[in-house]
Amino acid sequence: MRKASTIAIAVTTFFYLCCGGFGYAAFGEDTPGNLLTGFGFYEPYWLIDFANACIVLHLVGGYQVYTQPVFATVEKWFAERYPDNIFINRNFSLKLPLLPAFKLNLFRMCFRTIYVMSTTAISMIFPYFNQVIGLLGALNFWPLTIYFPVEMYCRQRNIEAWTIKWIMLQAFSIGVFFLAAFGLVGCVEGLISAKLS
């Protein structure tokens, strides 16, 4: 999971920086929220649809990773509340052709699917969708992607305070915190500007 998270965060960061940097270089402060359609590029339709499908696929996967604490809390609560319920607590082994065997929990599958679908639908109903997503991303990025993993790494590896490694990790965490804070200020300003215009 650590290797997968590292690769995913590195690739995502690269693409976000490219989109942000190239969008700002091309359009300045008037960069549209959707780079593909924000300046009138609607042809070919299949390419726009494919790009949007890729974005949805990417966000659903990332969403699954970042909401693991919510899933774990709810699933633990239900398992403790209803310990004899087969739907909640029983894992079924499943073997599909050409795939390795895996365990399937029906409650987990249903709850996670409904949770992701409902929160996605609610978020799409919001006005100023891009600004709200940016605001939530700025609020969640530093604690979930940087602070907690750095602190867990320091605890697991028993890195003592004020050693070179500890100082470098804390400096990295503080640097990214300031970047996230600047992003948060920009998102709040964008939200206020969109509301007032």
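What you see below is based on every heavy atom in this structure, not just the backbone, and it leaves out hydrogens, waters and symmetry mates.
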Exercise for the section: Please determine which of T163, I164, V150 meets the side chain to side chain contact (heavy atoms under 4.5 Å, CB included) test together with L169. Expected result: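 One option only clears the test, and that one is V150.
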State yes or no: do [X] and [Y] share one hydrophobic cluster built from I, L, V, M, F, W and Y residues joined by side-chain heavy-atom distances below 4.5 Å, directly or via other members?
{"X": "Y153", "Y": "M168", "answer": "no"}
{"X": "I114", "Y": "V74", "answer": "no"}
{"X": "F15", "Y": "F22", "answer": "no"}
{"X": "V70", "Y": "M117", "answer": "no"}
{"X": "Y16", "Y": "Y24", "answer": "no"}

Name the atoms and distances for all side-chain donor-acceptor pairs under 3.5 Å in residues 140-148, with sequence neighbours left out.
{"unit_1": "N140", "atom_1": "ND2", "unit_2": "L136", "atom_2": "O", "d": "3.1"}
{"unit_1": "W142", "atom_1": "NE1", "unit_2": "S173", "atom_2": "O", "d": "2.8"}
{"unit_1": "W142", "atom_1": "NE1", "unit_2": "S173", "atom_2": "OG", "d": "3.4"}
{"unit_1": "T145", "atom_1": "OG1", "unit_2": "Y66", "atom_2": "OH", "d": "3.0"}
{"unit_1": "T145", "atom_1": "OG1", "unit_2": "F141", "atom_2": "O", "d": "3.2"}

Exercise for the section: Take Y115 and F71 through the side chain to side chain contact (heavy atoms under 4.5 Å, CB included) test and state the conclusion after the steps. Expected result: CA-CA 9 Å; Y115 182 86; F71 294 153; 3.5 Å; yes
Practice task
Compare all side-chain heavy atoms of Q170 with those of C154 and state whether any distance is below 4.5 angstrom.
Solution key: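 Contact flag for Q170/C154 side chains = yes.
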Exercise for the section: With the side chain counted from C-beta on, respond yes when R157 and W166 share a heavy-atom pair under 4.5 Å apart, and no when they do not. Expected result: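 They are not in contact (no side-chain heavy atoms under 4.5 Å apart), so the answer is no.
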Exercise for the section: Indicate whether any N or O donor in one side chain lies under 3.5 Å from an N or O acceptor in the other, for E151 and Q156. Expected result: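 Short answer, no.
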Exercise for the section: Any chance you could measure L57, atom CG, to F50, atom CZ, to the nearest 0.5 Å? Expected result: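 So the gap between those two atoms works out to 9.5 Å.
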Practice task
Say whether, by atom type as modelled, one donor and one acceptor occur between the side chain of D84 and the main chain of N89 under 3.5 angstrom.
Solution key: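 Checking the backbone N and O of N89 against the side chain of D84, no donor-acceptor pair under 3.5 Å is found.
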Using distance only, find each side-chain donor-acceptor pair of residues 90-104 under 3.5 Å and give its atom names and separation, not counting sequence neighbours.
{"unit_1": "N91", "atom_1": "OD1", "unit_2": "N105", "atom_2": "ND2", "d": "3.2"}
{"unit_1": "K95", "atom_1": "NZ", "unit_2": "L99", "atom_2": "O", "d": "2.5"}

Handout entry: Residue W162 excluded, over 12 heavy atoms near CH2 under 6.0 Å
Key =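 No, not enclosed.
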For residues 175-186, please give each side-chain donor-acceptor pair under 3.5 Å, one per line with the distance, not counting sequence neighbours.
none

Problem - Considering all heavy atoms, the nearest F111-E75 contact - result: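 Scanning both residues, the minimum pair turns out to be CD2-OE2, 4.3 Å.
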Practice task
Classify the angle between the aromatic ring planes of F107 and F78 as parallel (below 30°), tilted (30 to 60°) or perpendicular (above 60°).
Solution key: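 It falls in the tilted class, 30° to 60°.
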